[in-house]
Every structure is written in structure tokens, then in C-alpha cells.
Asker: 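Questions regarding the structure given below will be posed in turn.
Note that the structure is predicted; figures quoted are calculated from it, not measured. Proteins come first, then strands; the chains are lettered A, B, ... in the order of their sequence lines, and each starts at number 1. Because only heavy atoms are used, hydrogens play no part in the values below, and waters and symmetry mates are left out as well, while side chains stay in.
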Amino acid sequence: MENVTEKPSLDFLRAKIVEDLKVNKNEGKVVTRFPPEPNGYLHIGHAKSICLNFGIARDFNGRCHLRFDDTNPAKEDVEYVDSIMEDVKWLGFDWGNHLYYASDYYDALCNYAIELIKKGKAYVCELTSDEMRDYRGTLTEIGKESPHRNRPAEENLDLFIRMKNGEFEEGTKVLRAKIDMSSPNVHMRDPVIYRIKKAHHHRTGDKWCIYPMYDFAHCFSDSIEGITHSICTLEFEIHRPLYDWFLDELNVACHPQQIEFARLNINYTVMSKRKLLQLVKENHVKNWDDPRMPTISGMRRRGYTPEAIRAFCDKVGVAKRENVIDLSLLEFCVREDLNKTAPRVMAVLNPLKLIIDNYPDDLVEELDAVNNPEDLSAGTRKVPFSKVLYIEKDDFKEVAPKKYFRLTPGQEVRLRYAYIIKCESFVKDTSGEITEVHCTYDSSTRGGNPPEGKKIKGTIHWVAEKSALDVEVRLYDRLFSKENPDDVEEGKTFLDYMNPNSLEILSDCKAEPGLKNVKALEHFQFERLGYFTVDKDSNYDRIIFNRTVALKDTWAKIESSGNN
RNA sequence: UGCCCGGUGGUGUAACGGUAGCACAAGUGCCUCUGGAGCAUUUUGUCGAGGUUCAAAUCCUUGCCGGGCAGCCA
């Protein structure tokens, strides 16, 4: 009780920023940036970075830039630029007018390179890439210096300008920083900073035929934008000395601080753009927005909400230790959000006909159903009820296992919001499959209220046959059946661990008629089943739902533990 | 074999020299017109060895384990 006013503990990044603010570093400003390369779609790992960078800016009254790190025209495309902007916005973040491209800085970057050359800190090297690899040395042996390393500055300048003018072929020359070929950090062994690429750039067109490398472009882009904290993932930690070297050599006014954190991993999926691209290109999934993909667009289509994703990113925390998050945490986050917001509705995925023998043949009653018990302001709706209904196949068993509360001969259940019924008999076809269940109802239990003193343990959902809507439902499961698909055995690839049952299409589902006019991305809870969203391929004639996540299923747990 | 980073329950993440806490997962019970939701409750942890200290998850030494780095990718 005495600790209620205690502040929640900060992650190490925010703690660092608090320290910086205390000593008035950067005049108290906090400026971050999210710097995607437009060479693929954003995934949930990027969401963590987005939430971090935009979240920090929000928490410290700073700002966060969206900057496309577009320094490799061979791999980049406007399609990706567009999708990235859409996804960041959808996640709920706003970069205001701080939208930038590294390509905006090509002139400035080129001038920085020239300055470096003039200072004698960069040189044009004509080694082939194979030779350069050779000269670089290994992790345990130091490198040796390029024969071009000690060219006079004027010659370097001339050569570099001619590179820029397109006088040389790709691969024949590069500009390198002159640092230290004996550094234990291979990134400091005279890294390439400019290479010739006669490629069309999605923004600068054919203006350039030399493009800066990441290490050179990134630190200066940060500096130009006045970034205070340049937050990136762990694999760039070893690049930090280089980041600092460039900024120190040219003595720029703004020297941001690079801080690294551990990227997000989730089990049963992959999180590398290369692998996601491969899944798309080789048609292992339908597209980047396939609902099984961990992409933002895929998760959106699957029915995840921005609120759920943000909550997830918040809960996973930030640290420097490698981590693998349980998929169950993600599922918890969507359920938690959708439970509060998704209207409840009844739908039957695997229909079984149920006939109430003592119910009038042509009567249709409109029964009241609560739209969301977690939010009474969502109101109620009318659901039509009549003699012939559909129920879930699973909700009837000829021979009931122990603790089975649903329909079985002689047992009573409640039809949600309708009546108490009793199972009298059932019909099997020649193959032994149950085709009809016959029940009687108690007309005094209208609305589902049992007589005084009587308890009904089981409640099942239903859809009236007459007015039922035919819908398609797509069930999704984890894309991979192995916890860590990146951990491949000899002779296999991550593709060998794909879950063959990650998609199940149910085309004969029945839903209550109120769902006739749903729109793409609307969320619902199908009572007792899970959360579902309307797929974008859905239309008036063919309504398609994607299962976002199933409800927690205590019965399934009891059942499976009993089978063990 | 070089350099850099990390090791806290099953999974994440706090505690910044002073009671190892929180969330998810798992278990149990209560409640319920969703076997949903909710509520209550339990189990499980500081990588090892030394040292400093009244006191170490925290500081030091060392070992072990995990990750990263040798693109004209980012």
C-alpha cells in the first residue's frame, strides 16, 4: 500500500535518457528515429522498435522521425515505402512532418566524403571485392593495407569525383575510410564508404551512380536530423566505434549516441526479412499480408489490433539479452483487447442439425442477446430462433466423456439466450456419422432461464437454419511446428519446419443473419470459439472470416490431459 | 583461436550494495447463461568457483555457457 506512488521501473534506454536529461545533455531534447530500409514489409520485430522510438519521444516530450534508410537501390522499392508508412500509421504513431529519406542527404553525404578525402582519411581503392576480402584478414589475423592506401588526397579526390561522374564501371573502385587494418574490430579495417552502383533509385532516379554504405550514411543522417539517441539492435553494437569515428573525424555539430537493444524473437515463427521474403517469393504463404505472417500487415489481416500489438511490445520489455517470447503472450494481448471491445455473435463452424421436436414448425422468435457482457453500453440485439437449428458438432457426443457438460442423450443444456433443451435421440447415416440430433424444449425457459432451483451446467451456441448466413471461416495455426525454425539440422532449411496445418478453410459455416453487412477488418467474438475478423477478400456474396485467436479452452485442456 | 555483448523461475522482465518482485505460461479453488471473462491462490529462479563487505543478483577475479562480427547488404 505504501508503494502505490512508486514509479514503475524504467527500461535501460529510458533510464539512460533520464540520466542524460539530468546533466542537460542535448539541451534537454530527445529526438529519436525509426529508420527502416524499404526492402520488405514491417514485422512485429519492427513494431517493437517503432513502439520504443515513438514511445520514448512521447514519454520525453521529444519527437521521432520516420527515415527511410534507402542507400541500396538494388533492393529497395516504393511498394515497401508505402506499406511501411501505412503500417506505422496503423500502429498509431505519427511522425508529423518529420518524414525523411537517407537519399535526401546524398549531396551532404558526398560532401562529407570529400571532406574526409581532403583530410587524408579516405581513399579510392581499386582492389576487387575478392582481393579486398583477402586483405581484410580474418577474425584472428590482422589485415594488410591496400596498395592504394597512401594515394595523395588530390588523386583520391579526382578519382572519387570521376566515380561520381560515372566514369568507372561497377566494382572497379570504392571509396574507403582510412582507419586501421590491424584493428581487432574488422569494421574498422578501412571500411568501404561509397561504391559504384549504376542502378535506378526509387527517389533520386538516375542522378547518382555511387551510393554510400550504411555505416557512412546512417551516422550522418542521424547527425543532420539532430537525433539525440540513435537506438538500434544488438548486431550494430560492433559498428558503434565506426559510427563515432565518422562523426568525430568530421567534427559535426551533432553527435548522436547509438544505443543497442536486443531484437524481438517469438517462438514458432521467423523474424528475418530475408526469410519472410522467401516465404512470399516461393509461395509458401499467399503474400506479405498472409494472416499467418508475423508482418504488421499479416497480423492486421488476421485481426490483431494496434492496441494489442502495442500492449505486447510494452510487455516484452527492452534489454540487451537475447530473448524468445512465447507466442502465448501475443495471444494473451489480443484476447485482452478484443475481450473488451469485440461484439459477441453466434456462428457455427462445423454445423450439425438440431431439431426441436416439440417446437412449432413455422414459429420464428426474436430473442434478445447481449452484444458484449464486458461492455453493457454495446447493447443487445435480436437473434431469430426456430425449430431447426445448427449447433457445433463438438457440442454433441453419443457417448459423453466424464465432465462433458454439453449435449448427449438424456442430458439437458441451455441454448444460449434461448431455451433449455433435452436431447432425446439422434440420427446416424450409413457411414455412422451423426446427422441430426433431436431434442425437446421447455417453453417456460425462454431466454435461457431455468426453473427456480435448477442449475444447467452447459450452454451451447446455435444458429437458426432458416435465417442462417453461409460463411467461410479460415482457421490459422502457427506457421512453423518447431519452436525455433532458425535452428536447422544438417541438410535442412527453416522451410522444412513449416506447419502443414497452418491454414484450415471451413467453407460450410453458419452465422447469425445480423452479420450480413460486415466490413473488412471488423472484429467479432464468435461465442465460445474465438475472435474473428472479416477478411479483405470478403464480399456481400461470400463472407469470409479469419480466426484471430481462439478463446481459452479449458475443456480442450481437460480433454487432452485425460488422454495422456 | 581474436574482439565485442550478454547470462535472474518454463518464457520475458524488475530489483543499481540491504525483504528476489511483476507479467505470460502451468496448477488449484471460487464464480459464471461463453468450459469465455473475472476473482483468489500455489509451484518454480539469481550460471559455477573464489574474493571484497556487517550484508552481493548487484562490486572484483576467474571459469563455463549463449549471441554477434571477416558484404562493394542494412
Asker: Using the C1' atom as the reference point in each nucleotide, state the distance between B/G17 and B/A56 in Å, no decimals.
Answerer: 7 Å
Asker: Does A/T204 offer a backbone N or O that forms a donor-acceptor pair with the side chain of A/S103 under 3.5 Å?
Answerer: no
Asker: Is A/V324 touching bases, backbone alone, or none of the nucleic acid, heavy atoms closer than 4.0 Å?
Answerer: sugar-phosphate
Asker: Under 4.0 Å, heavy atoms only, any strand: does A/N449 hit a base, just the sugar-phosphate, or nothing?
Answerer: base
Asker: Output the rounded distance in Å from CG (A/N323) to P (B/G10).
Answerer: 17 Å
Asker: If you check the A/E37 side chain, which of B/C73, B/G35, B/G2 turns out closest?
Answerer: B/C73
Asker: Apply side-chain contact (heavy atoms from CB on, under 4.5 Å) to A/L327 and A/T269, showing your working.
Answerer: CA-CA 9 Å; A/L327 190 58; A/T269 191; over 6 Å; no
Asker: Looking only at atom P, what distance separates B/C65 and B/C73, rounded to whole Å?
Answerer: 36 Å
Asker: Against A/F532, only a single residue in A/V549, A/L349, A/L515 fulfils side chain to side chain contact (heavy atoms under 4.5 Å, CB included); can you say which?
Answerer: A/L349
Asker: Looking at A/A556, is its backbone amide N or carbonyl O close enough to the side chain of A/S560 to form a donor-acceptor pair, meaning the two atoms are under 3.5 Å apart?
Answerer: yes
Asker: If the cut-off is 4.0 Å, is A/R195 near the phosphate of B/C73, judged by side-chain N/O to OP1 or OP2?
Answerer: yes
Asker: Heavy atoms only, 4.0 Å cut-off, all strands: where does A/V192 land among base, sugar-phosphate and nothing?
Answerer: sugar-phosphate
Asker: I need the A/F332 CZ to A/D326 CG distance, nearest 0.5 Å.
Answerer: 13.0 Å
Asker: Can you label the angle between the A/W462 ring and the A/F385 ring as parallel, tilted or perpendicular, going by 30° and 60°?
Answerer: perpendicular
Asker: Do any side-chain nitrogens or oxygens of A/R176 fall under 4.0 Å of OP1 or OP2 in B/G71?
Answerer: no
Asker: Between A/S328 and B/U11, does any side-chain N or O lie under 4.0 Å from OP1 or OP2?
Answerer: no
Asker: Say you pick atom P in B/G6 and the same atom in B/A14; how far apart are they, in whole Å?
Answerer: 13 Å
Asker: Any side-chain to backbone donor/acceptor pair from A/H218 onto A/D215? Under 3.5 Å, distance only.
Answerer: no
Asker: Dot-bracket for RNA chain B, please, read 5' to 3', with Watson-Crick or G-U wobble pairs under 3.5 Å on both distances, ( ) within the strand, [ ] crossing, | other strand, . unpaired.
Answerer: .((((((..((((....[..)))).(((((.......)))))....(((((..]....))))))))))).....
Asker: With P as the reference atom in both, quote the distance from B/G63 to B/A26 in angstrom, rounded to an integer.
Answerer: 41 Å
Asker: Looking only at side-chain atoms of A/M132, point me to the closest of B/C72, B/C73, B/U13.
Answerer: B/C72
Asker: If I pick the C1' atom on B/G48 and the same atom on B/G71, what distance separates them, to the nearest angstrom?
Answerer: 39 Å
Asker: Apply side-chain contact (heavy atoms from CB on, under 4.5 Å) to A/D77 and A/N39, showing your working.
Answerer: CA-CA 6 Å; A/D77 197 281; A/N39 68 344; over 6 Å; no
Asker: Look at all strands and tell whether A/R406 reaches a base, only sugar-phosphate, or nothing, counting heavy atoms closer than 4.0 Å.
Answerer: base
Asker: What is the nucleic acid contact for A/K273, judged by heavy atoms within less than 4.0 Å: base, sugar-phosphate only, or nothing?
Answerer: nothing
Asker: For B/G71, decide between syn and anti, treating a glycosidic angle within 90° of 0 as syn.
Answerer: syn
Asker: Quick test of your reading of the model: are A/R151 and A/E126 salt-bridged, counting only N-O distances below 4.0 Å?
Answerer: yes
Asker: Are the side chain of A/T138 and the backbone N or O of A/E141 linked by a donor-acceptor pair below 3.5 Å?
Answerer: yes
Asker: What distance, rounded to whole Å, do you find between the two P atoms, one in B/C4 and one in B/A57?
Answerer: 27 Å
Asker: Restricting to nitrogen or oxygen on both sides, can you table the protein-nucleotides 28-31 of chain B pairs closer than 3.5 Å?
Answerer:
none

Asker: Looking at A/D190 and A/K178, is any side-chain nitrogen of the basic one under 4.0 Å from a carboxylate oxygen of the acidic one?
Answerer: no
Asker: Determine, step by step, whether A/L389 and A/V463 satisfy the side-chain contact (heavy atoms from CB on, under 4.5 Å) criterion, reporting the C-alpha distance in whole Å, the side-chain angles of both residues, the deciding distance to 0.1 Å, and the verdict.
Answerer: CA-CA 6 Å; A/L389 309 168; A/V463 172; over 6 Å; no
Asker: Within the distance-only criterion (no hydrogens, no angle test), does the side chain of A/Q525 pair as donor or acceptor with the backbone N or O of A/V345 below 3.5 angstrom?
Answerer: no
Asker: Using the C1' atom as the point on both nucleotides, what is the distance between B/C5 and B/G21, in whole Å?
Answerer: 26 Å
Asker: Work out how far the C1' atom of B/U53 is from that of B/C59, and round it to whole angstrom.
Answerer: 10 Å
Asker: May I ask you to say what A/S183 touches in the nucleic acid, namely base, sugar-phosphate or nothing, with a heavy-atom cut-off under 4.0 Å?
Answerer: nothing
Asker: Are A/K557 and B/A26 close enough that a side-chain N or O sits under 4.0 Å from OP1 or OP2?
Answerer: yes
Asker: Which pairs, protein N/O on one side and nucleotides 44-47 of chain B N/O on the other, fall under 3.5 Å?
Answerer:
none

Asker: Is the shortest distance from a Lys or Arg side-chain nitrogen in A/D394 or A/R406 to a carboxylate oxygen in the other one below 4.0 Å?
Answerer: no
Asker: Sort me out a list of protein N/O and nucleotides 36-38 of chain B N/O pairs below 3.5 Å, or just none if empty.
Answerer:
residue, atom, partner, partner atom, Å
B/G36, OP1, A/T554, OG1, 2.3
B/G36, N2, A/E374, OE2, 3.0
B/A37, O2', A/N339, ND2, 3.1
B/A37, O2', A/E374, OE1, 3.2
B/A37, O2', A/E374, OE2, 3.0

Asker: Of A/T172 and A/D326, whose nearest nucleotide on RNA chain B comes first from the 5' end?
Answerer: A/D326
Asker: Which protein N or O atoms sit under 3.5 Å from an N or O of nucleotides 14-16 of chain B?
Answerer:
residue, atom, partner, partner atom, Å
B/A14, OP1, A/V318, O, 3.4
B/A14, O2', A/S9, OG, 3.0

Asker: Set out, line by line, the N/O atom pairs under 3.5 Å between protein and nucleotides 64-70 of chain B.
Answerer:
residue, atom, partner, partner atom, Å
B/G67, O2', A/E322, OE2, 2.7
B/C69, O2', A/H187, NE2, 3.0
B/A70, O2', A/R136, NE, 3.0

Asker: Could you say whether the aromatic ring of A/Y214 and the base of B/A74 stack, counting only centre distances under 5.5 Å and plane angles under 30°?
Answerer: no
Asker: If you look at every heavy atom in A/P343 and A/H523, which pair is closest and at what distance?
Answerer: CD-O, 3.3 Å
Asker: Under 4.0 Å between any heavy atoms, over every strand shown, what does A/Y211 touch: base, sugar-phosphate, or nothing? Just pick one.
Answerer: nothing
Asker: Taking OP1 and OP2 of B/C73, is either one under 4.0 Å from a side-chain nitrogen or oxygen of A/K197?
Answerer: yes
Asker: Using a 4.0 Å heavy-atom cut-off across all strands, classify A/L127 as base, sugar-phosphate, or nothing.
Answerer: base
Asker: Can you tell whether the side chains of A/R263 and A/E235 come within less than 4.0 Å, N to carboxylate O?
Answerer: yes
Asker: Please compare A/K173 and A/K455 by the position of their nearest nucleotide in RNA chain B and report the one closer to 5'.
Answerer: A/K455
Asker: Hey, is the main chain of A/D487 close enough, under 3.5 Å, to the side chain of A/K482 for a donor-acceptor pair?
Answerer: yes
Asker: Look at the side chain of A/R67 and the backbone N and O of A/R33, then say whether any donor-acceptor pair between them is shorter than 3.5 Å.
Answerer: no
Asker: Any side-chain heavy atom of A/T295 sitting closer than 4.5 Å to one from A/L42?
Answerer: no
Asker: Applying the ring-ring contact (aromatic ring centres under 6.0 Å, His included) criterion to A/Y194, which one of A/Y211, A/Y106, A/F160 satisfies it?
Answerer: A/F160
Asker: To check you understand the geometry: which heavy-atom pair defines the closest contact between A/L529 and A/A347, and what is its length?
Answerer: CD1-O, 3.5 Å
